[in-house]
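Values below: all heavy atoms of this structure, side chains included; hydrogens, waters and symmetry mates excluded. Small disclaimer: the values here were computed from a predicted structure and weren't measured. Each residue takes its place number in the sequence, starting with 1.
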Amino acid sequence: MENIRKMKAEEAYDILELWMKSFTHGHPFIEDNFWQKYYDTAKESYLNEKDTYVYAKDGKILGFISVAVDGTIKGIYVDPEYHDQRIGTKLAYFVQDMYMALNMDVYMKNQKALEYATYLGFLIVGAYVKDEEEGEICYRLSWSK
């Protein structure tokens, strides 16, 4: 049985493990150890600053979405073994039903994520350099009802 629900505190490390697995799979243009350096930052961010909703099937978390208090989607992450099963889309539609407007940032080099965001109805509203250390450009995207 599948469901989408708010993350439980005891699922924090499962979420972080899924975040690392999904993020490194979806961003091969960023060196692996960069994200390992930011694990603690991600932990604080995903567990304290946002509403995080999980997609679970038969008791296993297969994906999650996090939305900051300002309505910025901080990430849609799906276990790479379960891609192409519309899990990310179900999570996105779930939060689109809850919010009047949302934003997200997508790396310019991540064309798959950019196409996916536009499929969900997001429009590019700007661009910026994400971090001087990595030097990657991100697009800022917005959606509203």
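- Counting heavy atoms from C-beta on, the side chains of Q111 and Y116 never come closer than 4.5 Å.
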Checklist entry - Under the salt bridge (charged side-chain N to carboxylate O under 4.0 Å, His left out) criterion, do E11 and K6 qualify, and how do the steps go? => result CA-CA 10 Å; E11 296 170 325; K6 196 153 189 166; over 6 Å; no
Item to check | V67 vs K74, side chain to side chain contact (heavy atoms under 4.5 Å, CB included): CA-CA, chis, key distance, verdict | outcome: CA-CA 6 Å; V67 183; K74 292 301 196 175; over 6 Å; no
Checklist entry - Yes or no on side chain to side chain contact (heavy atoms under 4.5 Å, CB included) for Y93 and L120, after CA distance, side-chain angles and deciding distance? => result CA-CA 8 Å; Y93 288 164; L120 293 172; 3.8 Å; yes
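- Side-chain atoms of Y99 and S144 form no donor-acceptor pair, as typed in the model, at a separation below 3.5 Å.
- In this structure, R140 CZ and M104 CE are separated by 10.0 Å, a value rounded to the nearest 0.5 Å.
- Between the CD1 atom of I65 and the CD1 atom of I76 there is a distance of 4.0 Å, given to the nearest 0.5 Å.
- K90 contributes no side-chain N or O that, together with a main-chain N or O of I4, makes up a donor-acceptor pair within less than 3.5 Å.
- In terms of heavy-atom proximity, A113 sits nearest to V106 at CB-CG1, 3.8 Å.
- In this structure, T52 OG1 and Y77 OH are separated by 10.0 Å, a value rounded to the nearest 0.5 Å.
- Ring centers of Y53 and F94: under 6.0 Å apart, within the cut-off.
- By the 6.0 Å contact criterion, CG on D84 is open, its count of non-hydrogen atoms from other residues, nucleotides or ligands being 12 or less.
- Here CG of N103 is found 11.0 Å from CH2 of W143. Values are rounded to the nearest 0.5 Å.
- There is no path of hydrophobic side-chain contacts, each under 4.5 Å, that joins V125 to Y139.
- Closest approach of Q96 to K145, counting heavy atoms only: O-CE, 3.0 Å.
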Item to check | From CA spacing to verdict: side chain to side chain contact (heavy atoms under 4.5 Å, CB included), Y55, V78 | outcome: CA-CA 9 Å; Y55 176 97; V78 176; over 6 Å; no
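- With values rounded to the nearest 0.5 angstrom, T72 atom OG1 is found 11.0 Å from L141 atom CG.
- E115 places no side-chain N or O within donor-acceptor distance of the main-chain N or O of K112, the cut-off being under 3.5 Å.
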Next on the checklist: L114 vs I124, test: side chain to side chain contact (heavy atoms under 4.5 Å, CB included). Steps then yes/no.
Outcome noted: CA-CA 9 Å; L114 185 59; I124 296 172; 4.0 Å; yes
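- Taken from CG in D14 to CD1 in I61, the straight-line distance is 5.5 Å, to the nearest 0.5 Å.
- Counted by atom type alone, D105 and Y128 present one or more donor-acceptor pairs between their side chains at under 3.5 Å.
- Residues L91 and Y119 are members of one and the same hydrophobic cluster, defined by side-chain heavy-atom contacts under 4.5 angstrom among Ile, Leu, Val, Met, Phe, Trp and Tyr.
- Residues passing the side chain to side chain donor-acceptor pair (under 3.5 Å) test with K57: none are found, sequence neighbours excluded.
- Two different hydrophobic clusters hold M108 and L123 under the rule that ILVMFWY side chains link at heavy-atom gaps under 4.5 Å.
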